[in-house]
Amino acid sequence: MNEFNKIEFRKSLIDWYLEEKRNLPWRETSDPYKIWVSEIMLQQTRVDTVIPYYNRFIEAFPTIEDLANADEEKLLKQWEGLGYYSRVRNLQAGVREVVETYNSVVPSTRDEISTLKGVGPYTAGAILSIAYGRPEHAVDGNVMRVLSRVLLIKEDIAKPKTRKTFEHAVSEIIDPLDPSSFNQGLMELGATICTPTSPKCLLCPVRENCAAFYAGEQNDLPIKTKNKKTKAQHYDVYIAQNDRKQFLMEKRLETGLLANMWQFPMVEQIIKDEETVPLLQSRYGLHFTKEMDLGSFKHVFSHLTWEMNSFSGHGVETSVPETCKWLTIEEIKEVPMPVPMLKIWQAYMERGK
DNA sequence: AACACGGGGCA
DNA sequence: TGCCCAGTGTT
C-alpha cells in the first residue's frame with residue numbers, strides 16, 4: 001500500500017460518519033454533563049443496552065446539580081441491570097466535584113477533567129472532543145481494532161501499554177477541524193463495519209486507506225491474547241417471609257462486588273441439608289423453615305460465576321444484623337438488586353407467593 | 001502489569 | 001462456551 005494519507009482518511013471517515021451515523025439520544029445534545037453520562041454508561045456496554053437507561057437517567061437527573069444532590073440508593077436503582085455499579089458512584093463523585101470546585105461547569109482541559117473520579121483517558125478525550133471540539137484522542141476498543149487494521153499495528157491490544165501506541169497514532173491523524181466527528185466516526189466504524197469478526201470491508205469508507213485490507217489481513221487483526229477462565233462460587237439463597245408478609249434482605253458491603261446492593265440471605269452452598277437452619281441462625285439471626293425449592297441459577301460475571309440454589313420459606317426473626325432489614329413487596333421494588341437476585345425474586349413471584 | 005468489576009448478545 | 005462491548009480504579 002502507499003504511504004498512509006491522513007487527509008484522505010479523515011475526509012472519507014468524516015463524510016461517511018456524517019452521512020451514516022445512527023441517531024442516538026446523546027447525539028442530540030451538546031451539554032457536557034449529558035455527554036459525560038452517556039460516556040460512562042457506554043463503558044464496556046453496548047449502545048442498544050444503554051439507550052433506555054440513558055433516557056431514564058437524564059429524565060431523573062436533568063442537570064448536573066440534580067445528580068450531585070441525588071440519593072445513592074435512587075442512583076443505584078436507576079443503574080440496576082447495567083452492571084459495573086462503581087461507575088455510577090464515581091460519576092456522582094465526579095459531578096459533585098464539578099459542582100463544588102468548577103462552579104458546575106465541566107472542565108475543558110485534559111489535565112483538569114482527568115482528575116474527576118471515573119474519568120480515565122478514554123472518557124476525558126471523548127468529552128473533550130465531543131462536547132468541546134478539542135482535538136483529543138479517545139481510544140476505546142473500537143478505535144484499537146479499527147486502527148490496528150488501518151495502520152497494521154500488531155501489538156497485543158490486551159496489554160495496557162499498547163493503548164499509548166494508539167493514542168499517539170490518533171494524535172497524529174485526528175482532524176483538527178472536526179475532532180468530534182473524527183473520534184465518533186472511528187468508533188461508529190468499529191461498531192458497525194469494522195467489527196471483531198467478519199468485518200464488512202466491502203462497505204467500508206476507508207477501505208482504500210486500510211493496510212490490513214490491502215494485505216488481506218483484516219481477519220487476523222487486532223492481536224489480542226486470551227483472558228483467564230472465571231472461577232465458580234456456589235451459594236444457596238433463601239427467600240424468607242415473616243408473619244407480617246415481609247422478606248428478609250441484606251445490604252451488601254460498601255466495597256467490592258455489587259457494593260451496596262440488596263440481596264436475599266445467601267450462604268456458601270451447604271453439603272448437608274441439616275446445616276441450613278443453624279447457619280442462617282448464626283449468620284442472619286433467622287429461624288428459617290424451608291417450604292419450596294425455587295430452582296437453580298447460574299450467573300456469569302466478568303471474572304467469576306455464581307451457581308445458586310434458591311429456596312423460599314417461613315422466617316422468624318430473632319436478632320437481625322445491622323445490614324439486614326425486613327421489607328414488604330412494595331419496598332423491595334424500590335431497592336437496587338443485582339440481576340441474579342432479580343431472577344430469583346422473579347421465580348418466587350411467578351410461583352404465586 | 002495484573003486483577004476486580006456486570007451483564008447481555010452473538011458465533 | 002468464549003469473546004466483546006464508546007474502560008477505570010486498585011494493588
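This structure is a prediction, so every number in the text was calculated from the model and none was measured. The figures here come from the full heavy-atom set of this structure, side chains too, leaving out hydrogens, waters and symmetry mates. Below, read A as the first sequence line, B as the second, and so on, with proteins coming before strands; counting in each chain starts at 1.
Atom CE of A:Met261 is separated from atom C1' of B:dC5 by 13 Å (rounded to the nearest Å). Atom-to-atom, CD of A:Gln43 to P of B:dG6 comes out at 13 Å; the value is rounded to the nearest Å. The interatomic distance linking A:Met41 (CE) with C:dA6 (P) rounds to 16 Å, in whole Å. Taking atom CG of A:Leu24 as the reference point, atom P of C:dA6 lies 11 Å away to the nearest angstrom. Atom pair A:Asp140:CG and C:dT8:C1' shows a separation of 14 Å (rounding to whole Å applied). In this structure, A:Lys224 atom NZ and C:dG7 atom C1' are separated by 11 Å, rounded to whole Å. For the pair A:Leu116 CG and C:dG9 C1', the interatomic distance rounds to 15 Å; values are reported in whole Å. Atom pair A:Gln44:CD and B:dA4:P shows a separation of 15 Å (rounding to whole Å applied).
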Atom pairs and distances, side-chain donor-acceptor, residues 177-184 of chain A, under 3.5 Å, sequence neighbours left out:
unit_1, atom_1, unit_2, atom_2, d
A:Asp178, OD1, A:Ser181, N, 3.0
A:Asp178, OD1, A:Ser181, OG, 3.2
A:Asp178, OD2, A:Ser181, OG, 2.7
A:Ser180, OG, A:Gln184, NE2, 3.0
A:Asn183, ND2, A:Ser129, OG, 3.0
A:Asn183, ND2, A:Glu136, O, 2.8
A:Gln184, OE1, A:Tyr17, OH, 3.2
A:Gln184, OE1, A:Arg27, NE, 3.2

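Nearest-nucleotide mapping onto DNA chain B: of A:Leu258 and A:Lys161, the residue sitting toward the 5' end is A:Lys161. Between A:Thr197 and A:Val300, the residue anchored nearer the 5' end of DNA chain B, judged by the nucleotide with its closest heavy atom, is A:Val300. Both A:Asn90 and A:Ala126 lie near DNA chain C, and the one whose nearest nucleotide falls closer to the 5' end is A:Ala126.
Between the side chains of A:Glu250 and A:Tyr284, at least one donor N or O lies within less than 3.5 Å of an accepting N or O.
Backbone-only contact: A:Lys298 has heavy atoms under 4.0 Å from sugar-phosphate atoms and none from a base. Here A:Pro222 lies out of heavy-atom contact (under 4.0 Å) with every strand. At the heavy-atom level, A:Gly190 lies nowhere under 4.0 Å from the strands shown. Counting non-hydrogen atoms under 4.0 angstrom, A:Val47 reaches a base of the nucleic acid. If you check every strand for non-hydrogen atoms under 4.0 Å, A:Arg27 touches a base. Using a 4.0 Å heavy-atom criterion, one finds that A:Leu82 contacts the bases of the nucleic acid, with or without backbone contacts as well.
Distance noted for atom P between C:dT8 and B:dG9: 24 Å (whole Å). Of the C1' atoms belonging to C:dA6 and B:dC3, the separation is 22 Å, rounded to the nearest Å. A gap of 23 Å separates the C1' atoms of B:dG8 and C:dG9, to the nearest Å.
The nucleotide whose nearest atom lies closest to any side-chain atom of A:Val339 is, among C:dA6, B:dG7, B:dA2, B:dG7. In this structure, the nucleotide among B:dG6, C:dA6, B:dG8 sitting nearest to the side chain of A:Thr45 is B:dG6. The nucleotide whose nearest atom lies closest to any side-chain atom of A:Thr123 is, among C:dA6, C:dG7, B:dG6, C:dG7. Distances from the side chain of A:Leu257 to the nucleotides B:dG7, B:dC5, B:dA2 place B:dC5 closest.
Contact between the side-chain N/O atoms of A:His299 and the OP1/OP2 oxygens of B:dG6 is not found at any separation under 4.0 Å. Between A:Tyr84 and C:dG9 there is no side-chain polar atom (N or O) within less than 4.0 angstrom of OP1 or OP2. Side-chain N/O atoms of A:His303 include one lying less than 4.0 angstrom from OP1 or OP2 on B:dC5. Side-chain nitrogen and oxygen atoms of A:Arg145 include at least one within less than 4.0 Å of the OP1 or OP2 phosphate oxygen of C:dC5.
A donor N or O paired with an acceptor N or O is not found under 3.5 Å between the base of B:dC5 and the side-chain atoms of A:Arg87. Scanning atom types as modelled, no donor and acceptor separated by under 3.5 angstrom connect the side chain of A:Ser302 and the base of B:dG7.
A salt bridge does not link A:Glu8 with A:Lys11: every distance from a Lys NZ or Arg NE/NH1/NH2 to an Asp or Glu carboxylate oxygen is 4.0 Å or more.
In this structure a side-chain-to-backbone donor-acceptor pair under 3.5 Å is present from A:Gln92 to A:Leu67. The backbone N or O of A:Pro121 lies less than 3.5 Å from a partner atom in the side chain of A:Arg110, making a donor-acceptor pair.
Of the residues listed (A:Ile173, A:Leu221, A:Val139), the one engaging A:Leu147 in a side chain to side chain contact (heavy atoms under 4.5 Å, CB included) is A:Ile173, and it is the only one. Of the listed residues (A:Val47, A:Ile51, A:Thr45), just one forms a side chain to side chain contact (heavy atoms under 4.5 Å, CB included) with A:Thr49, and that residue is A:Thr45.
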